[in-house]
Amino acid sequence: MEKMKRTATCGELSKEWTGREVTLNGWVHRIRDHGGIHFISLRDRYGVTQIVIDENAQEALRQKASELKREFCVAVRGVVRERPAEMVNPDMSTGDIEVQTKELEVLSSCDPLPFHIDEKSDAKEDLRLSYRYLDLRSFSMQRKIKLRTDATFAVREYLKKFGFMEIETPNLIKSTPEGARDFLVPSRIHPGKFYALPQSPQLFKQILMVSGFDRYFQIAHCFRDEDARGDRQLEHTQIDMEMSFVSKEDVFEVVEGMMSHVFKQTLDVDLETPFPRITYHDAMNLYGSDKPDLRFDLAMQDFASFAERSDFNAFKSVLQDGGAVKALLAPGCGNYSRKRINQLEEEAKIYGAKGLAWMKVTEHGLDGGVAKFFSAQAQEIIDSLGAEAGDLILAVADRWETACTSLGAVRSRLGKELELATPGTFRFAWIVDFPLFEWDEEDGRWEAAHHMFTMPQEQYLERLEEDPGSVKGDLYDLVCNGYELASGSIRIHDPEIQKRIFNIVGFSEEEAQRRFGFLLKAFRYGPPPHGGIAPGLDRLIMIMAQEDSIKEVIPFPKNNVGVSPMDDSPSLVDEKQLKELHIALDLPEEENTDQ
RNA sequence: GGGGGCGUAGCGAAGCUGGUUAUCGCGCCGGCCUGUCAAGCCGGAGAUCGCGGGUUCAAUCCCCGUCGCUCCCGCCA
C-alpha cells in the first residue's frame with residue numbers, strides 16, 4: 001500500500017493539477033469499456049474522477065482494467081490531463097480533467113452487488129439495512145451523514161462558546177419506571193438486580209446543576225422500549241441541555257441561537273428569531289396538533305355557533321354534552337369526489353372522529369353533504385370562514401380534543417395533498433403553556449404530562465390540589481415542520497412543591513424515596529433553580545435533510561420491529577451467559593423454537 | 001393490542017373479470033466496439049410468483065391461515 005497511497009482525493013482534482021502525477025484510492029463507480037479504451041469513474045467520499053486507460057497503455061494494464069468490476073477497491077497512479085473541450089462533462093465537478101493511468105492496483109474485489117449504489121437507492125429499506133455498509137456508500141447517504149457530523153460539530157461549537165460544559169452521564173443507571181418502558185440490563189455481580197439504559201440523562205443533569213455545572217450539555221444516547229415509528233427509534237440521540245438560574249426565556253434564547261448557528265453553518269439558511277410562541281391550547285384549537293406544521297396556515301375554525309343554531313342533531317347533541325365543533329376550509333377542494341372526501345373521513349376516524357361532515361361552497365351558497373342543515377346560515381358561514389365558490393368545508397364534532405386532533409389530521413393530509421408546504425423551508429415555533437397533569441382514564445388518577453419534576457406556573461401554585469387539570473406547567477416544546485423537535489421544562493427545586501406534585505399523582509413518600517431518593521436527597525443540599533431542554537438530534541437532521549424517516553439519517557438504525565437486519569440483533573444468547581446472570585427464560589410455547 | 005399497504009429473477013416493477021412458453025427496465029455472464037461519462041450494439045443465463053392449505057379441469061390472480069417488511073392508531077413521563 002505504501003507505494004500506492006493516495007496523494008489526492010477523487011473530488012479535488014482540477015485543471016490546476018494538469019501535468020502532475022497523482023495516486024488515487026477509491027471504489028470503481030462505473031466502467032465504460034470501449035474495447036480499445038476504458039473509462040473508469042473512481043469514487044471516494046469527496047467525489048468522482050474519470051480514469052482513462054487508452055491505446056497507449058501497456059497490454060498488461062489494459063488487461064487488468066478489463067477485469068475490473070463495480071465497487072472493486074483500487075489504487076490508481078497516473079497523470080492529470082485536461083480534457084479536450086468537447087469531452088468536458090459539465091455535470092461533474094472534476095469534469096474538465098481526467099487521469100491517464102500508468103499503474104493500477106486492485107486493493108480488493110467485490111462480489112456482485114445486492115442493489116445499485118446510486119445517488120438514491122431504489123432498494124427496499126429492509127435490504128438497504130441488511131447491507132448498510134453498501135447503502136452508506138451512496139452519495140445521498142454520505143451527504144446525510146456528513147450533515148449529521150457537521151450539525152453536531154456546530155452544536156458543540158456554539159454551546160462551548162456560550163460556556164456550556166459537555167459532561168458524560170452513565171448508561172447503566174437505576175430503573176425509574178414512569179413514562180416509557182425501560183431497557184433492562186441484568187447485573188452479573190448482583191444476581192436478580194438490573195440496571196436500566198437511560199430514557200434520557202434527566203436526573204443526572206439535574207444533579208449536575210446541584211454540583212454547580214450551571215451550563216451542561218451532552219450528545220446523549222437515549223433508549224426507550226416502545227414501538228417505533230418513522231420519527232421514533234428504540235435508540236436515539238438527544239442534544240441534552242440543562243441550565244441553572246434561568247427562566248424559560250433564557251432557554252429559548254440559547255436554543256434559538258444554537259439552531260440559527262447550526263442552520264447557518266450547515267445549510268447556509270438564516271432562521272428568523274425569536275421563534276413564534278403558541279400556546280398548547282391555540283395549537284390544538286387552530287391546527288389540531290401540539291406539533292403543528294406551520295409551513296402552511298389552513299387553520300381550523302370554531303363552528304359551534306353555527307352548529308347550535310342548525311337542525312343538525314349530530315352536532316347539536318355533541319355540543320349539549322360539552323363537546324366542540326371544528327371546521328376546516330379546504331381551498332379549491334369543492335370538486336373533490338365522494339371517494340376523496342371519504343378518504344379524508346377515514347383519516348379523521350383514525351384519530352377517533354365518528355364522521356367528517358362536509359359541504360361544498362358554490363356561487364349560490366352551500367351544497368351537498370350536510371349543507372341542508374345550514375341553509376339558513378349559509379351566507380354567514382361563508383363570510384365567517386372566508387370561503388369562496390369552489391371551496392370545501394369540512395367539520396368534526398366530538399370531545400374538544402378529539403375534534404381538534406382528528407380534523408387536524410385532515411389538515412395535515414390536505415397540506416400534503418395540496419403541497420402547501422414549500423420544500424426547503426423550516427418553520428419553528430415554541431409551544432408553551434402545556435397542562436401539567438393529564439387525567440389517566442385507565443388508572444383513574446392524575447399523572448404528570450411531562451415528568452414529575454416540572455415546575456407548575458407560579459399563578460397556579462395556590463390551586464394545585466384543587467383543580468389539577470387547569471394547572472399549566474413551565475413546560476415547552478420546540479416544533480418544526482410538524483415534528484416535535486425538543487421538549488423541556490423549568491424544574492422544581494423546592495422540596496415542598498415537589499412533595500405536593502408527588503401527592504397529586506398519587507406517589508407516596510416511600511415510593512418517591514425508593515425511586516428518586518437520590519435526587520431528592522441531592523435537592524436537600526442547596527439546589528439552584530434550573531431548567532433545560534433536549535432537542536432530538538435525529539429528528540433535527542431528518543428535517544434538515546428533508547427526509548421523512550429518521551432511519552435515513554441514523555448510520556445504523558433498527559427497523560420498525562426493533563431488529564437490525566445487518567447484525568441480526570436482537571438474538572438468542574448462550575445458555576452459559578444466561579446462567580451467569582441467573583436468568584431463566586419463560587417463553588410462550590411457540591416462541592421457544594423461534595430464532 | 002389494532003388498522004392500511006406491500007411481498008413476482010440479484011434490484012425495481014408489470015401481469016386485465018383465473019387459461020397453456022410469467023413480461024419489462026437495471027444489474028449479471030459472453031461477444032463486438034478508440035472518447036464515454038446512466039456509454040452503445042449483439043447474444044445468454046437467471047423465478048418453488050414469501051410460505052402452508054383450500055376452491056377449480058386449471059391459481060401469480062379467488063378464499064383461509066401464516067411469516068416478513070412498511071406506514072399509522074394505541075404506546076412514547
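Just so we're on the same page: letters track the sequence lines, and every chain starts at 1.
Look at NE2 on A:H451: it is 15 Å from P on B:C76, rounded to the nearest Å. Taking atom CZ on A:R539 and atom P on B:C76, their separation rounds to 14 Å, with Å as the unit. Taking atom NZ on A:K291 and atom C1' on B:C72, their separation rounds to 12 Å, with Å as the unit. A:K349 places its NZ atom 13 Å from the P atom of B:G4, with the value rounded to the nearest Å. Residue A:E347 contributes atom CD, which lies 11 Å from atom C1' of B:G4 at whole-angstrom precision. Regarding A:D126, its CG atom lies at a distance of 10 Å from the P atom of B:C71, rounded to whole Å. Computed from coordinates, the A:E71 CD to B:C28 P distance equals 11 Å when rounded to whole Å. Taking atom CG of residue A:D568 and atom P of nucleotide B:C69, one finds them 11 Å apart after rounding to whole Å.
Using P as the reference atom, B:G65 and B:C76 are 31 Å apart when rounded to the nearest Å. Comparing B:C49 with B:G10, their P atoms are spaced 12 Å from each other, to the whole Å. B:U60 and B:C16 are spaced 13 Å apart, taking the C1' atom of each and rounding to whole Å. Taking atom C1' on both nucleotides, B:U70 is separated from B:G31 by 43 Å, rounded to a whole Å. On the P atoms, B:U8 is 6 Å away from B:G50, given to the nearest whole Å. Separating the P atom of B:C37 from that of B:G30 is a span of 23 Å, rounded to the nearest Å. On the P atoms, B:C24 is 12 Å away from B:G44, given to the nearest whole Å. When the C1' atom is used for both B:A45 and B:C6, the distance is 29 Å, rounded to whole Å.
Under the Watson-Crick and G-U wobble criteria, each requiring two contacts below 3.5 Å, nucleotide B:C16 is left unpaired. Pairing of B:U66, defined by two Watson-Crick or G-U wobble distances under 3.5 Å, is identified with B:G50. Across every strand in view, B:C32 sits in a pair with B:G40 that passes the Watson-Crick or G-U test at under 3.5 angstrom.
Both A:D548 and A:A449 sit near RNA chain B, but only A:D548 has its closest nucleotide nearer the 5' end.
Put simply, A:K69 has no side-chain N or O that comes within less than 4.0 Å of OP1 or OP2 on B:G27. Within the 4.0 Å cut-off from OP1 or OP2 of B:C71, at least one side-chain nitrogen or oxygen of A:K551 is found. A:N560 has no side-chain polar atom (N or O) that falls below the 4.0 Å cut-off from OP1 or OP2 of B:C69. Distances shorter than 4.0 Å separate some side-chain N or O of A:R229 from OP1 or OP2 on B:C73.
Side-chain atoms of A:R81 and A:Q100 form a donor-acceptor pair, as typed in the model, at a separation below 3.5 Å. A:N503 and A:E465 share no donor-acceptor pair across their side chains, judged by distance under 3.5 Å alone. With hydrogens and angles left out, the side-chain atoms of A:S200 and A:Q238 include no donor and acceptor closer than 3.5 Å. Using modelled atom types, one finds no donor on one side chain facing an acceptor on the other under 3.5 Å when comparing A:D474 with A:S489. No side-chain donor from either of A:Y287 and A:D293 sits under 3.5 Å from a side-chain acceptor of the other.
Open room surrounds OH on A:Y195; 12 or fewer heavy atoms of other groups in view lie less than 6.0 Å from it. Counting heavy atoms of neighbouring residues, nucleotides and ligands inside a 6.0 Å radius, atom CD of A:Q546 exceeds 12 of them. Enclosure of atom NZ in A:K248 by more than 12 non-hydrogen atoms of other residues, nucleotides or ligands within 6.0 angstrom is indicated. For OH of A:Y131, the number of neighbouring non-hydrogen atoms (other residues, nucleotides, ligands) closer than 6.0 Å is 12 at most.
You'll find a donor-acceptor pair under 3.5 Å spanning the side chain of A:R232 and the base of B:C76, going by distance alone.
The side chain to side chain donor-acceptor pair (under 3.5 Å) analysis of residues 86-95 of chain A, with sequence neighbours excluded, yields no pairs.
Looking at heavy-atom distances under 4.0 Å, A:Y351 makes contact with sugar-phosphate atoms alone, never a base. Across all strands, A:T176 comes closer than 4.0 Å to no nucleic acid atom at all (heavy-atom distances).
A salt bridge between A:R43 and A:E71 is present, with a side-chain N of the basic residue lying under 4.0 Å from a carboxylate O of the acidic one.
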Heavy-atom contacts, protein to nucleotides 5-16 of chain B, under 4.0 Å, summarised as B (base), S (sugar-phosphate only) or - (none) per nt, yield -----BSSS---
When every nucleotide of nucleotides 33-41 of chain B is labelled 5' to 3' by its protein contacts under 4.0 Å (heavy atoms), B for base, S for sugar-phosphate only, - for none, what sequence of letters results? BBBBBSB--
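Nearest nucleotide to the side chain of A:D227, out of B:G74, B:C76, B:G30: B:G74.
A:A449 pairs by the side-chain contact (heavy atoms from CB on, under 4.5 Å) definition with A:E438, not counting sequence neighbours.
Contacts between residues 432-440 of chain A and RNA chain B, defined by a heavy-atom separation under 4.0 Å, are absent.
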Please tabulate, for side-chain N and O atoms in residues 505-514 of chain A, each donor-acceptor pair with protein atoms closer than 3.5 Å (sequence neighbours left out).
residue, atom, partner, partner atom, Å
A:S508, OG, A:E511, N, 3.0
A:E511, OE2, A:R515, NH2, 3.1

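The backbone N or O of A:V553 sits nowhere less than 3.5 Å from a side-chain atom of A:E547 that would complete a donor-acceptor pair.
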